[in-house]
Structure formats: structure tokens, C-alpha cells
Participant: 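I have a structure here, written as C-alpha cells, and I will follow up with some questions on it.
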Amino acid sequence: MKHGNICGSIALGNNPTKTLAIGSHTDSVYNGGQYDGSVGVAVALQTAEELIKSGKINGILKVVIYACEESSRFGNACVGSKYLNGNIKKEDFNSIVGRSKGDVTLKEAIDFSRALLKEQVPDIKEVEKIFDMVDYSLEVHTEQYDSLDREYRKHKKDIIGIVNQIGSSLRIRYNVQGKADHTGSTPMNERSNASTAVSYIGNQIRKLAIKYEKQALGRADQLELETPEHKRSFNQTPAKANADIDIRLVGDNTPEKALEDFEKIKKKAEKKTRTKIETTVVSKGTPISTNKKLNEKIAEVCEKEDIRYLEMPSYAGQDTGYIPAKKKTMIFIPSTGGSHNSQEQTWPKYINPATRIFVAMAQELLKEKFKDKYAVKEEGKTKKQNKKDKNIKLEKDNSMVI
């Protein structure tokens with residue numbers, strides 16, 4: 001979580017009313033790459049610098065680093081953006097505990113890190129929330145796969161992905177209770193091998209994931225197989241085992257439907273392996289669609305800037321899915337080496353077009369709008385009379401710029 005959400009805000013123009021938030025996250029998974037999230041913050045900072053220099057916008061610009069987007073330490077993703085929209089409340093920080101043995105609560109981690117930050121930046125202002133609602137939100141993120149990179153290499157032309165939908169996840173932790181038996185003397189059909197149950201579930205989850213992917217409903221995988229009894233010998237079947245399931249949802253899929261599918265798999269596993277399985281839902285969310293009009297504007301900018309674009313969903317969950325904004329969307333830039341590993345890579349040739357798009361989008365969304373100071377209708381006069389009086393006043397005011 002580090003220090004919590006961090007935001008820099010500046011009001012630009014003569015009468016700023018609309019607010020645009022741009023940014024991403026800087027935290028990573030264990031042994032992860034250096035571009036997942038952080039490239040979005042870099043683009044936001046570069047965009048802000050260019051907008052301030054241009055003097056062409058009239059609005060409030062917020063550059064944001066959203067806290068705890070990854071679930072590595074506390075098992076809950078997008079904590080900072082979920083806190084902004086009320087999905088996670090401040091009192092929940094005391095019950096969210098680090099996954100490592102003996103780790104602290106989320107609140108303790110924030111308090112400790114904030115104290116360090118206060119020493120380094122004494123004039124930083126602490127607030128309850130960096131914002132409750134903004135008019136617009138934009139985010140840049142690496143694609144975390146190489147389909148856009150392949151398109152770039154094929155056509156030798158700048159390209160981005162316009163994200164039309166952001167997936168959510170259903171995360172399940174389950175514990176299997178079997179029975180320790182002799183691997184030689186116990187008949188196969190009478191064993192209660194906990195690891196066999198986990199293996200069966202993992203295989204069925206993969207089949208379900210392939211079915212989801214074909215139907216554009218999501219993806220899934222099993223993670224972290226563990227057998228708690230480490231002193232078990234080679235001739236003893238494990239009595240206990242546990243694992244995590246991460247189901248990614250897009251399209252019309254829902255956590256309720258996915259959980260129902262998992263329950264069917266679990267019941268078959270119990271019957272086939274003579275075990276009992278307890279499940280806990282760690283987190284769940286519903287897929288969201290990004291703003292269609294913003295996506296159309298990005299497409300217009302791309303055509304003007306001679307940048308190719310593809311419309312695509314994000315199977316991965318993103319802060320944009322939770323940020324409280326009236327209109328929000330995000331774009332992908334090409335990357336290679338996958339993601340959540342040290343081989344992840346992207347380059348300035350992929351990053352720079354995103355900055356150009358964000359500058360153009362901000363200038364469009366927060367552009368200076370002329371307001372006629374004589375537009376208020378005077379009581380008791382007809383529209384024609386008001387128009388006539390206004391023309392007279394404009395003739396007298398030669399300094400007015402139209």
C-alpha cells in the first residue's frame with residue numbers, strides 16, 4: 001500500500017470547473033517487471049508538464065498514483081481506487097492483513113510508511129480522500145501481452161489499444177481435508193488424498209477457463225498448491241492441501257455465475273477423492289464497460305495523429321474499473337515479455353504516442369469555453385429584445401474578445 005493514494009492537483013485557466021484525473025500505480029508483484037503501472041504514472045507526469053506549458057486548458061488536472069493495485073502483499077487488488085469509490089472503507093484497513101506469516105494490517109503498514117514520507121516531504125498534506133468524484137479519468141497501461149507489439153512490427157506504425165471493457169476477478173481460497181494413509185497398503189478407490197483433490201480441481205478449472213475464453217467470458221487458473229504437513233513421508237498420502245483460484249471475468253460473466261461453476265467442480269472433487277473441501281471468497285467484482293464517447297474521442301485523436309488503434313478488453317483488473325469518475329477509460333501501449341515477471345519490456349516509441357493522445361484528450365475535455373457575459377435573460381424582456389440589447393452592449397465594449 002505504501003503511503004496511500006498520492007495526488008498532485010493544479011487548476012489551470014480562467015474559470016476551471018471540470019476535473020480530469022490521469023495516472024496509474026507504481027506497486028508491483030514479487031519479482032515483477034518495471035513497467036506495469038509505473039509507465040502510466042510517467043505518461044501522466046509528462047502529459048501534465050506539456051499541458052501546463054501549453055496554457056490551452058481550462059480545468060483542474062490531477063496526477064494520481066493509486067495505492068496497492070496489486071494483490072501481492074494483502075491479497076486484495078486495487079485497494080486505493082476501491083477506497084475512493086467506497087468499495088473498501090477505512091475501517092476495513094484493520095481487518096486486511098498481509099499474507100506472510102506475522103505480517104501487519106493494512107492500517108499499520110500505511111501509518112508506518114506515512115511517517116517515513118512525512119520525514120522526507122514535510123509539507124505534504126494528508127487528506128481523508130484525494131477526491132470523491134471527478135468528471136473524467138484516463139489511464140495508460142502496458143498491454144501485459146504482445147499482441148499490440150506484433151501489430152506494430154507487422155505494419156511499422158504507431159499503435160495503441162482502446163480498452164472498451166475492464167474485467168474483474170473472483171478469487172477463491174479452498175482447503176481440502178483428507179486422510180493420511182499408507183501409499184502401498186491402501187486401495188486406490190479408498191484413499192482420501194488431499195493433493196489428488198487439488199489436482200482434479202486444477203485440471204477442471206483449466207477446462208472451464210478454455211470454455212470461458214472461447215465464449216469471451218474470461219480466463220482462470222489455479223495458484224499456490226500447498227500441502228501443510230511438510231513432515232509427511234514418501235509412503236504417506238497428504239491429509240491436507242490448499243490452493244487459490246483466480247477467475248477473470250469479462251463480458252456477461254458474473255462472480256455469482258463463476259462461483260456456481262466452481263461449486264459444481266468442488267462437489268465432484270469431493271465425491272471422486274473422498275475429501276471435504278471448504279472455500280472462502282477472498283474478493284469478487286463485476287466487469288465494467290468504459291465510456292463509449294471517450295473511446296470515440298480517442299479514436300478521433302488517433303486518426304488525426306496517424307496512430308493505429310484496436311478496441312480490446314482488459315482481462316486484467318485495473319484501477320480504472322473502480323475510480324469514481326463520471327466518464328472514464330484507458331488505453332494500452334505495446335509491451336513484450338508478458339507481465340508480472342522481470343522480462344516485461346516496453347520502449348519510448350510505444351510510450352510517446354500515448355502522451356500525445358493524452359495531451360490532445362485533455363485539451364479537448366478541458367478546453368476554454370467562451371461564456372457570453374450578457375447571456376443571462378433579463379426579466380420581463382422577450383428573446384428578441386434581449387438580443388437587441390446585447391448587440392448594443394457589444395458595440396460599446398470594443399475590448400471584448402470573441
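Just so it is clear, the model here is predicted, and its values are computed rather than measured.
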Participant: Should we say atom NZ of Lys304 is surrounded by more than 12 heavy atoms from elsewhere, each under 6.0 Å from it?
Facilitator: no
Participant: Any idea which heavy atoms bring Ala197 and Ala269 closest together, and the distance?
Facilitator: O-CB, 4.4 Å
Participant: Establish, from distance only, whether the side-chain atoms of Asn295 and Thr290 form a donor-acceptor pair under 3.5 Å.
Facilitator: yes
Participant: Give a yes-or-no answer on whether the side chains of Asn76 and Lys82 include a donor-acceptor pair shorter than 3.5 Å.
Facilitator: yes
Participant: Using a strict cut-off of less than 4.0 Å between a Lys/Arg side-chain nitrogen and an Asp/Glu carboxylate oxygen, indicate whether Glu49 and Lys53 qualify as a salt bridge.
Facilitator: yes
Participant: Pair Met330, Gln318 - check side-chain contact (heavy atoms from CB on, under 4.5 Å), show working.
Facilitator: CA-CA 9 Å; Met330 65 183 300; Gln318 308 285 356; 3.6 Å; yes
Participant: Quick one: closest heavy-atom pair of Lys107 and Asn94, and the distance?
Facilitator: CD-OD1, 3.1 Å
Participant: Would a distance-only check, ignoring hydrogens and angles, find a side-chain to backbone donor-acceptor pair under 3.5 Å from Asn341 to Glu344?
Facilitator: yes
Participant: For residues Ile201 and Gln222, determine if any side-chain heavy atom of one lies less than 4.5 Å from a side-chain heavy atom of the other.
Facilitator: yes
Participant: How about Ser81 and Asp319: does a side-chain donor come under 3.5 Å of a side-chain acceptor?
Facilitator: yes
Participant: Considering only NZ, NE, NH1 and NH2 on the basic side and carboxylate oxygens on the acidic side, decide whether Asp306 and Lys157 come within less than 4.0 Å.
Facilitator: yes
Participant: How long is the gap from CZ on Arg153 to NZ on Lys156, to the nearest 0.5 Å?
Facilitator: 7.0 Å
Participant: Drop me the distance from Thr286's OG1 to Ile166's CD1, to the nearest 0.5 angstrom.
Facilitator: 13.0 Å
Participant: Given 3.5 Å as the limit, does a donor-acceptor pair link the side chain of Glu108 with the main chain of Thr105, or not?
Facilitator: yes
Participant: Of the options Ile357, Val140, Val301, which is the one that meets Ile160 in a side-chain contact (heavy atoms from CB on, under 4.5 Å)?
Facilitator: Ile357
Participant: Evaluate the criterion side-chain contact (heavy atoms from CB on, under 4.5 Å) for residue pair Ile331 and Ile298; output intermediate values, then yes/no.
Facilitator: CA-CA 9 Å; Ile331 64 174; Ile298 291 174; 3.8 Å; yes
Participant: Report yes if the side chains of Phe332 and Met312 come closer than 4.5 Å at any heavy-atom pair, otherwise no.
Facilitator: yes
Participant: Under the salt bridge (Lys or Arg N to Asp or Glu O under 4.0 Å) criterion, do Glu300 and Lys297 qualify, and how do the steps go?
Facilitator: CA-CA 5 Å; Glu300 289 173 9; Lys297 284 184 179 294; 5.5 Å; no
Participant: Would you compute the distance between atom CG of Leu365 and atom CG of Leu294 and round it to the nearest 0.5 angstrom?
Facilitator: 6.0 Å
Participant: What's the separation between atom OG in Ser9 and atom CG in Leu61, rounded to the nearest 0.5 Å?
Facilitator: 7.5 Å
Participant: Tell me which one of Leu84, Asn85, Asp92 satisfies side-chain contact (heavy atoms from CB on, under 4.5 Å) with Ile88.
Facilitator: Asp92
Participant: Taking the basic N atoms (NZ, or NE/NH1/NH2) and the acidic carboxylate oxygens, is any pair closer than 4.0 Å for Arg219 and Asp221?
Facilitator: no
Participant: Would you call Arg274 and Glu190 a salt bridge, using N to O less than 4.0 angstrom?
Facilitator: no
Participant: How far apart are the C-alpha atoms of Lys240 and Asn242, what are their side-chain angles, what is the distance that settles it, and do they pass the side-chain contact (heavy atoms from CB on, under 4.5 Å) test?
Facilitator: CA-CA 7 Å; Lys240 296 180 180 180; Asn242 56 66; over 6 Å; no
Participant: Between Lys257 and Glu260, does any side-chain N to carboxylate O distance fall below 4.0 Å?
Facilitator: no
Participant: For Gln46 and Thr355, run side chain to side chain donor-acceptor pair (under 3.5 Å): C-alpha distance rounded to whole Å, both residues' side-chain angles, the deciding distance at 0.1 Å, then the answer.
Facilitator: CA-CA 7 Å; Gln46 182 64 37; Thr355 304; over 6 Å; no
Participant: Measuring only between side-chain heavy atoms, which start at C-beta, is Tyr350 closer than 4.5 Å to Leu148?
Facilitator: no
Participant: For Ile277, does its backbone N or O pair with a side-chain atom of Glu270 as donor and acceptor, under 3.5 Å?
Facilitator: yes
Participant: Do you know the tightest heavy-atom contact between Val163 and Pro313?
Facilitator: CG1-C, 4.5 Å
Participant: Got a sec: does the NZ of Lys292 have more than 12 other heavy atoms crowding it under 6.0 Å?
Facilitator: no
Participant: Looking at Lys326 and Asp135, is there a salt bridge between them, counting it only when a charged N and a carboxylate O are closer than 4.0 Å?
Facilitator: yes
Participant: Sequence neighbours excluded, which residues qualify as salt bridge (charged side-chain N to carboxylate O under 4.0 Å, His left out) partners of Lys207?
Facilitator: none
Participant: Does some side-chain heavy atom of Ile265 sit less than 4.5 Å from a side-chain heavy atom of Ile205?
Facilitator: yes
Participant: Any side-chain to backbone donor/acceptor pair from Ser169 onto Arg171? Under 3.5 Å, distance only.
Facilitator: no
Participant: Heavy-atom distance under 4.5 Å between the side chains of Ile288 and Lys328, does that happen here?
Facilitator: yes
Participant: For the backbone of Gly80 and the side chain of Asn5, can you confirm whether one donor and one acceptor N or O come within less than 3.5 Å of each other?
Facilitator: yes
Participant: Where do Phe74 and Cys68 come nearest, in terms of heavy atoms and distance?
Facilitator: CD1-SG, 4.2 Å
Participant: Look at the rings of Phe131 and Tyr66 and say which category their plane angle falls in: under 30° parallel, 30 to 60° tilted, over 60° perpendicular.
Facilitator: perpendicular
Participant: Evaluate side-chain contact (heavy atoms from CB on, under 4.5 Å) for Ile159 paired with Tyr309, printing each intermediate quantity in order.
Facilitator: CA-CA 5 Å; Ile159 186 170; Tyr309 63 89; 5.7 Å; no
Participant: Is there a donor-acceptor pair under 3.5 Å between the side chain of Arg191 and the backbone N or O of Thr186?
Facilitator: yes
Participant: Give a yes or no on whether the backbone of Glu70 and the side-chain of Asp27 come within a donor-acceptor separation of less than 3.5 Å.
Facilitator: yes
Participant: Between Glu69 (side chain) and Gly37 (backbone), is there a donor-acceptor pair under 3.5 Å?
Facilitator: no
Participant: Under 3.5 Å, is there a donor on one side chain and an acceptor on the other for Ser54 and Glu50?
Facilitator: no
Participant: Do the non-hydrogen side-chain atoms of Glu305 and Pro353 ever get within less than 4.5 Å of each other?
Facilitator: no
Participant: For Tyr145, does the OH atom sit with more than 12 other heavy atoms under 6.0 Å from it, leaving out its own atoms?
Facilitator: no
Participant: My understanding is that only one of Thr329, Asn291, Ile22, Leu20 makes a side-chain contact (heavy atoms from CB on, under 4.5 Å) with Tyr136; could you say which?
Facilitator: Leu20
Participant: Within the 3.5 Å criterion, strictly below it, is a donor on His141 or Asp36 matched to an acceptor on the partner's side chain?
Facilitator: yes
Participant: Are side-chain heavy atoms of Glu151 and Leu310 found at a separation under 4.5 Å?
Facilitator: yes
Participant: Does the separation of the ring centres of Tyr83 and Tyr322 fall below 6.0 angstrom?
Facilitator: no
Participant: Would you say the side-chain atoms of Arg73 and Ser100 include a donor-acceptor pair closer than 3.5 Å?
Facilitator: no
Participant: For Ala316 versus Arg248, what's the shortest heavy-atom pair and its separation?
Facilitator: CA-NH1, 3.4 Å
Participant: Are more than 12 heavy atoms, taken from residues, nucleotides or ligands other than Glu278, located less than 6.0 Å from that residue's CD atom?
Facilitator: no
Participant: Here's a test for you: under side-chain contact (heavy atoms from CB on, under 4.5 Å), which of Ile247, Leu249, Leu208, Asn253 qualifies with Leu217?
Facilitator: Asn253
Participant: Can you find a heavy atom in the side chain of Gln345 that is under 4.5 Å from one in the side chain of Ser335?
Facilitator: no
Participant: Where do Thr275 and Gly178 come nearest, in terms of heavy atoms and distance?
Facilitator: CG2-CA, 4.0 Å
